[in-house]
Amino acid sequence: MTTELVLLGTAGAPMPVAGRGGISSALIVDGRVFVVDCGRGSPSAFAQAGLDFTRLDAVFLTHLHADHIGDLPGMLLYPWGVRTGADGPLAPIWVYGPSRPSALPAGDEVFHRQTTISPDQPAPGTEDLVGHILAGYAYHLNVMPLDARMPDAGALVRAIDIAAPEWTPDRTQVPVVVLDDAGVRVTAVAVMHGRAVPALAYRFDTADGSVVFSGDTAVNEDLIALAAGADILVHQVADLDYLLRHGMDEAGLARMAALHTDVSQVGGVAERAGVRELILSHYHPAEPEAVTEAQWADRAGHGFSGTTTAGHDGLRRKLPAG
Ligand SMILES: [Zn+2]
């Protein structure tokens, strides 16, 4: 068995920047490809990394902010034509992600929405999202097969809402088993990402080792427990001080601190989890010239006795190490 991690994109926030793709990572286990998040450019990055769209097994969404799901339609629809074999359509691509929240989050005096979009279903979950993608692209799915040999569109994708309990500060979570199949075990916990509820972190265990993806989260005990003893922790990182110096006001900064783990904190998370390597990704600020990779790694590594690596688009790691 072989397990390999590839970072497809490492930028934080929805705004496109030059020089970094949107957040997306892939884990290849014995040729099967598992993608975590589909940020901006992820299908192109998938091809650039030499990955095989016929081996795409599943997509795992950490939460439903656009920077994590914006290119999910492309990840499903662009390779549709090759999702076939001698026996007909390949098995569907599974899309796992958060369920609908129990209630639409409310705002406050400072941060609130004006118009509620889609009031009948204002906070769709993963199954809703994939259903809406198919409905929105129905023209392509229904008409393309008339002009080209396409596999049955009904076999393209299946979506699963993960029944993770919502995060609360006073309760330790038991990780939810999302997938346990042919040597790949995926577990998840809910993490703290502001009003984005539920938001998830994932752990992949294979015979070669373990890789944990933090998603977007403020420091929390459930993620640290999920990541305990992992070979690799791929963790988002923000530089809140940079944002303050570049015009973010105090209210905005307080909000950001409830959404993200700061560069001064992430090494402590990795140390407490006891992981072997911390790989930084999903950078805020996202512009490569704002904070250099050497600066990110140097600052994030404080307090961590393992290896700290500043991730970049295309970075690869094979397990087991060495
Ligand atoms: Zn994000």
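First listed ligand is number 1; within each ligand, the first listed atom is number 1. All values below come from the heavy atoms of this structure, side chains included, with hydrogens, waters and symmetry mates left out. Numbering of residues begins at 1 and proceeds along the displayed sequence.
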Can you name the N/O/S atom of D67 that is nearest the Zn ion (ligand 1)?
OD2
Relative to the Zn ion (ligand 1), which of the N, O or S atoms in D216 is the closest?
OD2
Is there an N/O/S atom in H65 that lies less than 2.8 Å from the Zn ion (ligand 1)?
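Here the distance criterion (N, O or S atom, under 2.8 Å) is not met by H65, so no.
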Any N/O/S of H68 under 2.8 Å from the Zn ion (ligand 1)?
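Yes, H68 qualifies, because one of its backbone or side-chain N, O or S atoms lies under 2.8 Å.
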Within-4.5 Å side-chain heavy-atom neighbours: H193 and L259:
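Of all side-chain heavy-atom pairs linking L259 with H193, at least one is under 4.5 Å.
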Polar side chain donor-acceptor pair, S42 to D71, under 3.5 angstrom
no
Checking E221 against T172: is there a side-chain donor and acceptor pair closer than 3.5 Å?
no
Whether R32 and D181 form a salt bridge (side-chain N of Lys/Arg under 4.0 Å from carboxylate O of Asp/Glu) is what I want to check.
yes
